[in-house]
K.L.:
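For reference, the structure I am asking about is given below.
Below, read A as the first sequence line, B as the second, and so on, with proteins coming before strands; counting in each chain starts at 1. Note that the coordinates shown come from a computational prediction; the quantities given were computed from them, not determined experimentally.
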2 protein chains.
Amino acid sequence: MRYELYYWPSIQGRGEFVRLALEEAAAPYVDVARTSDDDGGGVRAMLALLGRDDVARPSFAPPFLRAGRLLIGQTANILLFLGARHGLAPRDEGSRLFTNQLQLTLADWVAEAHDTHHPISSGLYYDDQRDEARRRAESFRKERCPKFLGYFERALEHGRGRYLLGRSLTYADLSLFQVLAGLRYAFPRTMRRLERRHPKVVALHDAVAARPRIAAYLASERRISFNEDGIFRHYPELDAPSART
Amino acid sequence: MRYELYYWPSIQGRGEFVRLALEEAAAPYVDVARTSDDDGGGVRAMLALLGRDDVARPSFAPPFLRAGRLLIGQTANILLFLGARHGLAPRDEGSRLFTNQLQLTLADWVAEAHDTHHPISSGLYYDDQRDEARRRAESFRKERCPKFLGYFERALEHGRGRYLLGRSLTYADLSLFQVLAGLRYAFPRTMRRLERRHPKVVALHDAVAARPRIAAYLASERRISFNEDGIFRHYPELDAPSART
């Protein structure tokens with residue numbers, strides 16, 4: 001069976017967390033919106049599926065994944081499904097739940113990273129909420145980002161291996177890699193400062209990046225570059241060093 | 001076994017989604033932070049558990065639930081666990097995943113409702129982000145809230161019963177009830193207008209409120225009143241009718 005991933009074709013966005021899991025699992029998939037309209041693909045196919053009235057279990061927004069008869073939405077939910085199917089999550093109940101818990105915490109972090117450039121409305125341009133973005137980004141850099149980083153550093157300190165759940169990789173590790181990569185792109189000055197105090201998170205990032213399938217994926221054309229349409233955007237004014245530091 | 005719920009004692013907040021599930025399941029639980037410091041409870045006990053370095057699987061924030069040896073954080077994750085244990089979610093994989101998907105969509109909606117009054121930082125007072133709150137609330141009232149309501153109305157139209165998954169109640173129904181109740185409190189004028197177009201969501205709210213255990217809970221002292229420290233806050237200026245409507 002070949003999975004069908006539905007997500008915006010020109011950004012990493014939330015779809016990237018799913019792409020990383022599919023790549024690490026070496027699972028056959030088609031990134032539907034990146035295929036041609038002529039072949040029944042493209043954004044058109046994605047939006048059609050999102051808006052169709054005869055879909056029994058509709059999704060609120062991309063990404064969503066078709067897996068045979070199942071149509072599964074919400075990033076963390078897709079990963080819960082893929083994790084169980086492809087050995088990217090532990091089998092015992094407590095560890096499986098903790099993997100999901102870590103993923104949901106990463107989802108919160110990602111949403112806050114997004115809101116640094118869109119604190120008022122996703123329906124408005126960045127330029128129309130620039131002043132508010134400056135204020136929100138300051139709070140993100142000084143309070144929220146260090147708090148999230150500290151949490152994951154602590155989780156890694158408590159673990160018994162290089163990964164969040166111990167010696168075996170889970171989809172939460174792939175996602176933490178992605179969040180760190182995104183934050184480095186969006187807030188390079190801030191992250192240079194913060195990473196010094198979070199060596200285990202950095203080591204995890206490097207371990208994930210070095211996994212053969214992930215390394216091959218990152219070097220391929222399938223990996224879309226970070227850009228200013230995605231979740232992690234580099235606007236230098238949002239990465240300003242604090243005057244109070 | 002008696003569950004231990006850890007959440008802020010003076011607000012409904014995200015803990016309320018867990019309380020509703022525990023109440024509907026008639027599961028024995030203690031709301032730890034609402035018990036006395038002298039008995040080892042209170043906020044002190046909650047914060048101690050959150051900050052302790054010897055907790056193998058720490059939570060990022062309340063709520064979290066102790067269930068025997070398990071300590072489970074993140075609202076949707078706690079509900080995933082309780083749903084499976086107490087018959088508040090279907091057993092088949094597709095339906096179980098869809099329940100989780102709906103819950104995660106509700107969580108997104110709740111986060112956006114929160115950000116109407118705190119668009120810049122949770123660490124600042126409302127009064128320090130009032131102008132930004134007005135702008136964000138407008139976008140919430142006009143775009144986001146109608147979009148979420150429409151999504152759940154559609155999900156109910158597709159179902160084969162009064163509940164989101166069909167004839168049987170799930171924890172996602174309890175949560176949708178709670179979100180509607182909260183929005184009515186925070187945005188009464190907006191909701192009077194929007195509810196007319198979403199009769200199935202309103203009917204679901206009423207069906208949940210009429211369930212004997214939920215009705216008894218809502219009438220009890222265990223149900224904390226909505227207030228301006230919680231997620232759903234009534235600031236009349238954020239509920240202003242649009243000048244453009």
K.L.:
Quick check for you: to the nearest 0.5 Å, what is the distance between B:N77 atom CG and A:F98 atom CZ?
P.N.:
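It is 10.0 Å, given to the nearest 0.5 Å.
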K.L.:
Which atoms of B:L97 come close to chain A, meaning under 4.5 Å heavy atom to heavy atom: side chain ones, backbone ones, both, or neither?
P.N.:
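B:L97 touches chain A through backbone and side-chain heavy atoms alike.
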K.L.:
Quick one: what part of B:E93 sits under 4.5 Å from any heavy atom of chain A, side chain, backbone, both or neither?
P.N.:
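Side chain only.
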K.L.:
Most heavy-atom pairs under 4.5 angstrom with chain B, which of A:F140, A:F81, A:F152, A:F64?
P.N.:
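Sorted descending by pairs with chain B, the first entry is A:F81.
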K.L.:
State whether the number of non-hydrogen atoms from other residues, nucleotides or ligands found under 6.0 Å of A:R162 atom CZ is greater than 12.
P.N.:
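No, CZ of A:R162 has 12 or fewer neighbouring heavy atoms, counting only those of other groups under 6.0 Å.
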K.L.:
For B:R57, which atoms come within 4.5 Å of any heavy atom of chain A: side chain, backbone, both, or neither?
P.N.:
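Contact with chain A involves both backbone and side-chain atoms of B:R57.
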K.L.:
Can you say whether B:L165 sits under 4.5 Å from chain A via the side chain, the backbone, both, or neither, judging by heavy atoms?
P.N.:
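The answer is the side chain of B:L165.
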K.L.:
Is the closest basic N to carboxylate O distance between A:D131 and B:R135 below 4.0 Å?
P.N.:
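Salt bridge: no.
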K.L.:
At what distance, to the nearest 0.5 angstrom, does CG of B:D108 lie from CD of A:Q74?
P.N.:
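Result: 5.0 Å between the selected atoms.
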K.L.:
Please check: side-chain N/O of B:Q101 versus main-chain N/O of A:P58, any donor-acceptor pairing under 3.5 Å?
P.N.:
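Confirmed, B:Q101 side chain pairs with A:P58 backbone.
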K.L.:
Hey, which of A:T116, A:L102, A:L124, A:V55 has the most heavy atom pairs under 4.5 Å with chain B?
P.N.:
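It is A:V55.
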K.L.:
Which region of A:R144, side chain (C-beta onward) or backbone (N, CA, C, O), has a non-hydrogen atom less than 4.5 Å from a non-hydrogen atom of chain B, or is it both or neither?
P.N.:
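Only the side chain of A:R144 comes within 4.5 Å of chain B.
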K.L.:
Side chain, backbone, both or neither: which part of B:E143 has a heavy atom under 4.5 Å from chain A?
P.N.:
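When you check distances to chain A, only side chain atoms of B:E143 fall under 4.5 Å.
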K.L.:
Rounded to the nearest 0.5 Å, what separates atom CD in A:Q129 from atom OG in B:S139?
P.N.:
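Going from CD on A:Q129 over to OG on B:S139, the span is 8.5 Å.
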K.L.:
Identify which part of B:S59 has an atom lying under 4.5 Å from any heavy atom of chain A, answering side chain, backbone, both or neither.
P.N.:
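Interface part for B:S59: both.
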K.L.:
Can you tell which part of B:L71 gets under 4.5 Å to a heavy atom of chain A, answering side chain, backbone, both or neither?
P.N.:
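B:L71 touches chain A through backbone heavy atoms alone.
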K.L.:
Which of parallel (below 30°), tilted (30 to 60°) and perpendicular (above 60°) describes A:F60 and B:F148?
P.N.:
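Parallel, since the angle between the ring planes stays under 30°.
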K.L.:
Kindly indicate, with the supporting measurements, whether the criterion side-chain contact (heavy atoms from CB on, under 4.5 Å) is fulfilled by B:T75 and A:L104.
P.N.:
CA-CA 9 Å; B:T75 308; A:L104 293 173; over 6 Å; no
K.L.:
Can you tell which part of B:S95 gets under 4.5 Å to a heavy atom of chain A, answering side chain, backbone, both or neither?
P.N.:
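For B:S95, heavy atoms of backbone and side chain both lie under 4.5 Å from chain A.
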K.L.:
Name the region of A:I72, side chain, backbone, both or neither, that has any atom closer than 4.5 Å to a heavy atom of chain B.
P.N.:
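For A:I72, backbone and side chain are both near chain B.
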